[in-house]
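All remarks here apply to the structure that follows.
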Amino acid sequence: MLIVEDDATIRTALVRALGAREHSTMTAPTALEGLQSIVSHRPDVVLLDLGLPDLDGATLLPMIRSVSDVPVIVVSARDDGRDIVALLDAGADDYLVKPFAVDQLDARIRAVLRRAEPERPPAEVAVGGLVMDARARTAVLDGVALELSPKEFDLLLYLAERAGEVVSKRELLAKVWNQPYGGADKTVDVHLHWLRKKLGETAEHPRYVHRVRGVGVKVASPP
């Protein structure tokens, strides 16, 4: 889990106490470092302080929600009821007022983790003659296995899971490349070019990967 807390004493105490309860932790002393850690390391839970030196935690929360569904437990000395409600409405999963017992925090962590357990996705995604197995990480086109790089597989799977839906390049950069606040469209274009080549098609004569000019790209069954 990620602890976003500027007070070194509190950070150290939380790391020690949660480690004793078999939680693996990482820390960030500022809001922006915390956001970067969420994007880069994808923690299972975030403990978010509000009084951070660069951005208030209340400002950071919607930024987190724009890039991740990670459970967020706000841990703060602020105890105003209206503020607590506003943060829960803004996307926090729980709110714990400092000081608190670590056993209580541990119970809250277990609770949000239970609620966050996703349903297992279907083993296979099929679009026309394209069949992808997300668990085995295999892709087969018309009975022939495709040799895809890890990122090509992730890109094609993301599009295949949303067959018929136009997906923007910004969304692809955020979800496939974990670059929510930047990244070059050229990166997506190059990988789409490689995918089309392996699928036996071109941008001018698509079968599965269709460009929607000015909007994005979609995967669809051949006519």
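Counting only heavy atoms from C-beta outward, the side chains of Met63 and Val67 never approach each other to under 4.5 Å. Between Ile64 and Ile38 the shortest side-chain heavy-atom distance falls below 4.5 Å. The closest side-chain heavy-atom distance from Glu152 to Lys198 is below 4.5 Å. Contact of the Leu148 side chain with the Asp154 side chain is not registered, since no non-hydrogen atoms from C-beta on lie closer than 4.5 Å. Annotation: side chain of Leu18 is in contact with side chain of Met1 (closest heavy-atom distance under 4.5 Å). Between Leu47 and Leu105 the shortest side-chain heavy-atom distance falls below 4.5 Å. Within the 4.5 Å cutoff, the side chain of Ile73 has no heavy atoms near those of the Leu48 side chain. Residues Val167 and Leu159 meet the side-chain proximity criterion, which asks for heavy atoms closer than 4.5 Å.
Residues Val127 and Ala160 come closest through the heavy atom pair CG2-O, 3.8 Å. Residues Thr30 and Val4 share a closest heavy-atom pair of O-CG1, 3.7 Å. Residue Lys218 comes nearest to Glu165 through the heavy atom pair CB-O, 3.3 Å, listed as atom of the first residue, atom of the second, then distance. The two atoms that bring Leu2 and Gly34 nearest to each other are CD2-O, 3.5 Å, heavy atoms only. Taking every heavy atom of both residues into account, Arg207 and Leu141 meet most closely at NH1-CD2, 4.4 Å. Across Ala58 and Pro62, no two heavy atoms sit closer than the pair O-CD, 3.1 Å.
For the atom pair CG of Asp56 and CG of Leu60, the computed distance is 9.0 Å after rounding to the nearest 0.5 Å. Interatomic distance, Glu161 CD to Leu156 CG, rounded to the nearest 0.5 Å: 10.0 Å. The CZ atom of Arg162 sits 6.5 Å away from atom CD of Glu171, with the distance rounded to the nearest 0.5 Å. His23 NE2 to Ile109 CD1: the interatomic distance, rounded to the nearest 0.5 Å, is 4.5 Å.
In this structure, the side chain of Asp94 does not engage the main chain of Val74 through any donor-acceptor pair within 3.5 Å. Although no hydrogens or angles enter the test, the distance criterion places no donor-acceptor pair under 3.5 Å between the side chain of Thr59 and the main chain of Leu55. Using a distance-only test at 3.5 Å, with no hydrogens or angles considered, a donor-acceptor pair links the side chain of Lys151 to the main chain of Val176. Side-chain N or O atoms of Arg108 include one that pairs as donor or acceptor with a backbone N or O of Tyr95 at under 3.5 Å. For the pair Ser37 (side chain) and Glu33 (backbone), a donor-acceptor distance under 3.5 Å is present. At least one donor-acceptor pair under 3.5 Å links the side chain of Glu201 to the backbone N or O of Tyr208.
Annotation for Asp54: atom CG counts as buried by contact number, over 12 foreign heavy atoms lying within 6.0 Å. Remark: Glu147 CD is loosely packed, at most 12 non-hydrogen atoms of other residues, nucleotides or ligands lying under 6.0 Å away.
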Show every donor-acceptor pair shorter than 3.5 Å between a side-chain atom in residues 81-93 and any protein atom, with sequence neighbours excluded, or say none if there are none.
from  : atom 1 : to    : atom 2 : distance (Å)
Asp93 : OD2    : Arg65 : NH2    : 3.0
Asp93 : OD2    : Val72 : N      : 2.8

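Cluster annotation: Val188 is not connected to Val215 through the hydrophobic network of ILVMFWY side chains, with a link wherever side-chain heavy atoms come within less than 4.5 Å. The hydrophobic clustering, which links ILVMFWY residues whose side-chain heavy atoms are closer than 4.5 Å, places Val166 and Leu173 apart. Under a hydrophobic clustering in which Ile, Leu, Val, Met, Phe, Trp and Tyr are joined whenever their side-chain heavy atoms come within less than 4.5 Å, directly or via other members, Val125 and Val217 fall into the same cluster. In the hydrophobic clustering of this structure, Val70 does not group with Leu113; members are Ile, Leu, Val, Met, Phe, Trp, Tyr whose side-chain heavy atoms approach within less than 4.5 Å, directly or through other members. Leu96 is not connected to Val46 by any chain of hydrophobic side-chain contacts under 4.5 Å among Ile, Leu, Val, Met, Phe, Trp and Tyr, and they are in different clusters.
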For this session: Applying salt bridge (Lys or Arg N to Asp or Glu O under 4.0 Å), run through Asp6 and Arg11 and close with a yes or a no.
Result: CA-CA 7 Å; Asp6 65 316; Arg11 281 201 313 271; over 6 Å; no
For this session: Before giving the answer on side chain to side chain contact (heavy atoms under 4.5 Å, CB included), spell out for Arg78 and Val97 the whole-Å C-alpha distance, their side-chain angles and the decisive distance to 0.1 Å.
Result: CA-CA 7 Å; Arg78 301 179 194 173; Val97 177; over 6 Å; no
For this session: Dump the intermediate steps for side chain to side chain contact (heavy atoms under 4.5 Å, CB included) on Lys186 and Lys169, then the final yes or no.
Result: CA-CA 9 Å; Lys186 189 68 174 176; Lys169 291 180 182 178; over 6 Å; no
For this session: Under the side chain to side chain contact (heavy atoms under 4.5 Å, CB included) rule, what do Val144 and Val140 come out as? Steps first, then yes or no, please.
Result: CA-CA 5 Å; Val144 179; Val140 176; 5.6 Å; no
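For residues 40-53, every residue pair satisfying the salt bridge (charged side-chain N to carboxylate O under 4.0 Å, His left out) rule, not counting sequence neighbours, is listed here: Asp49-Lys98.
Residues near Val131 contribute nothing to a hydrophobic cluster around it, because no ILVMFWY side-chain heavy atom sits closer than 4.5 Å to its side chain.
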